[in-house]
Amino acid sequence: MPTYQRPPGTLDILPEDQPYWSRVRTHAIHLAELAGFERLDTPMFEATEVFARSIGQGTDVVEKEMYTFLDQGGRDLTLRPEFTAGVVRAYIENGLYVEVSPQKLFSIGPTFRYDRPQAGRYRQFTQFNAEILGEQDPAADLEIMTLVWDLYARLGLADLEFQLNSTGCPRCRPAYVEGLRAYYEDHSDHICDDCQRRLEQSPLRVLDCKAEACQPLLERAPRIQNHLCEECAQHFADLREGLDLLERRYVLNHRLVRGLDYYTKTVFEVWAAGIGAQSALCGGGRYDGLVGLLGGPETPGVGVAVGLERIVILMKELGVEPSAPRTPEVFLAYLGEAPRRRSLMLMDELRRGDVGVYLAMGRERGLRSQLREADKRAARYTVILGEVELERGKATVRDMKAGDQADVDLSLLVTWLRERVG
RNA sequence: GUGGGUGUGGCCUAAUUGGUCAAGGCACCUGGUUGUGGCCCAGGCGAUUGCGGGUUCGAGUCCCGUCACUCACCCCA
């Protein structure tokens, strides 16, 4: 065992995995920009209050999953467990509501949750996040959903569909929740302990209970879809029409309720098999009250958070090719002190000429050892410089694939190589 | 927080079920070629078998504890 290990639930992303990450990030950023989203970077930590108020006191995230600490100045801070709260805080603080509306913003970076790690779940994980602030039109929900769908499609994850639901708004939800509570109270002796608690704290959460005992009751529980106000019902219908029109598959899931309190109307997730017991690839929804709740002007919003680790896991599982890493195609080998100095200069010259190059290290190495290294590094050409070549003002350039060699004038070497690599 | 599984060199695996066996493969380094890679051959580096304790003449192998990793529950990315 090594003396030091990664903290539980964290990940070393080694060079061999970077091509996957690079491909995921590149596509995410490209698609976001294509759809008119602008990048916003916020701090990795915020005042704890920002998250506690947004996400809600009774939620799992706030109750037991936050990395919270006091800094030297006694400030109560928390590593972000998600992006939305911080993005909304930045939107208000920087007065982005006076800019063109809606504001379409995306972010990408690490997030932190103190969960128990398991397959597909980490304490530090990476999210791609997109938000549309200042627009109540269901077209905004549709754009958000289309964006993540297209990201998956580009990365080769096919056969996906949205889980979709509407959780109503402050006008219609309270009545539904009362109805749900009343229904459950009539049968309270048949439900699990967790649900007993949920009824008090966040009644909607009884809907995604998986306990055997609760299933029969759930079957006949009232469904929010039948209790939406006219505005919410219309919004939901418009969104579904848009999804149909653009052929983004979805299934209605009346039991989909997300673990954060701020959602209104639309909630959705995308599920996939193959990431251990986890299924959610992304999750999102509308939060029309959040900006107001955090002290800004009443402003509707909708957004999504995409888990990047889970995408990478699936890409590997499905055999999706990552992007090819770019490594130098030229290796400089030398024999002797004068050639070594000349190689140093060649290295400099080549890189200034935008030719990627490895330089052999070590002063007493045999050519065999240097060529072995060149081979392992998959260099296309090895430039061999010894006393013999130096005297004639030339270098021996070995084509590693063909196995043949050419004499090239040192003065022409950069040009010669530039014509053949890149 | 709760439960299950696992823990041998950088990686993968072995050790006749307590008796010199800590072995093999991959990787790495050197040499076979006084200046030539990939294949092959030879050699080499590298492990107090997670840690602590116990049983025993003797433990990698049994027991207890502990730590770590891992999977799962809750919930999510």
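Predicted model only: the values in this text are computed from it and were never measured. Chain naming here is simple, since letters A, B, ... match the order of the sequence lines and numbering starts at 1 in each. Only this structure's heavy atoms are used, side chains among them; waters, hydrogens and symmetry mates stay out.
Figure legend. B/rU16 is base-paired to no nucleotide; pairs are counted as Watson-Crick or G-U wobble with both atom distances under 3.5 Å. In a base pair of the Watson-Crick type (N1 to N3 plus N6-O4 or O6-N4) or a G-U wobble (N1-O2 and O6-N3), with each distance short of 3.5 Å, B/rG58 is matched with no nucleotide. Base pairing of B/rG35: no nucleotide in any strand meets the Watson-Crick or G-U wobble criterion (both distances under 3.5 Å). Under the Watson-Crick and G-U wobble criteria, each requiring two contacts below 3.5 Å, nucleotide B/rG46 is left unpaired. With a 3.5 Å ceiling on both atom-pair distances, the Watson-Crick or G-U wobble partner of B/rU2 is B/rA72.
Using a 4.0 Å cut-off between a side-chain N of Lys or Arg and a carboxylate O of Asp or Glu, A/Arg123 and A/Asp115 do not qualify as a salt bridge. A salt bridge between A/Arg286 and A/Asp288 is present, with a side-chain N of the basic residue lying under 4.0 Å from a carboxylate O of the acidic one. The pair A/Lys394-A/Asp407 does not count as a salt bridge, with every side-chain nitrogen at least 4.0 angstrom from each carboxylate oxygen.
When the P atom is compared between B/rG50 and B/rG9, the two are found 7 Å apart, to the nearest whole Å. Comparing the C1' positions of B/rU6 and B/rG44 gives a spacing of 33 Å, expressed to the nearest Å.
Rounded to whole Å, the distance from CZ on A/Arg116 to C1' on B/rG3 is 10 Å. With rounding to whole Å, A/Arg205 atom CZ is found 6 Å from B/rC75 atom P. In this structure, A/Glu65 atom CD and B/rC76 atom P are separated by 9 Å, rounded to whole Å. Rounded to whole Å, atom P of B/rU2 lies 12 Å from atom NZ of A/Lys64.
Base orientation at B/rU17 is syn, since its O4'-C1' glycosidic dihedral falls within 90° of 0.
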(request) Evaluate the ring-ring contact (aromatic ring centres under 6.0 Å, His included) criterion for residues A/Phe268 and A/Trp149: first the C-alpha distance (whole Å), next the side-chain angles of each, then the deciding distance (0.1 Å), finally the verdict. (result) CA-CA 12 Å; A/Phe268 65 89; A/Trp149 177 281; over 10 Å; no

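Residue-level contact check: A/Ser279 touches the bases, meaning some heavy atom is under 4.0 Å from a base atom.
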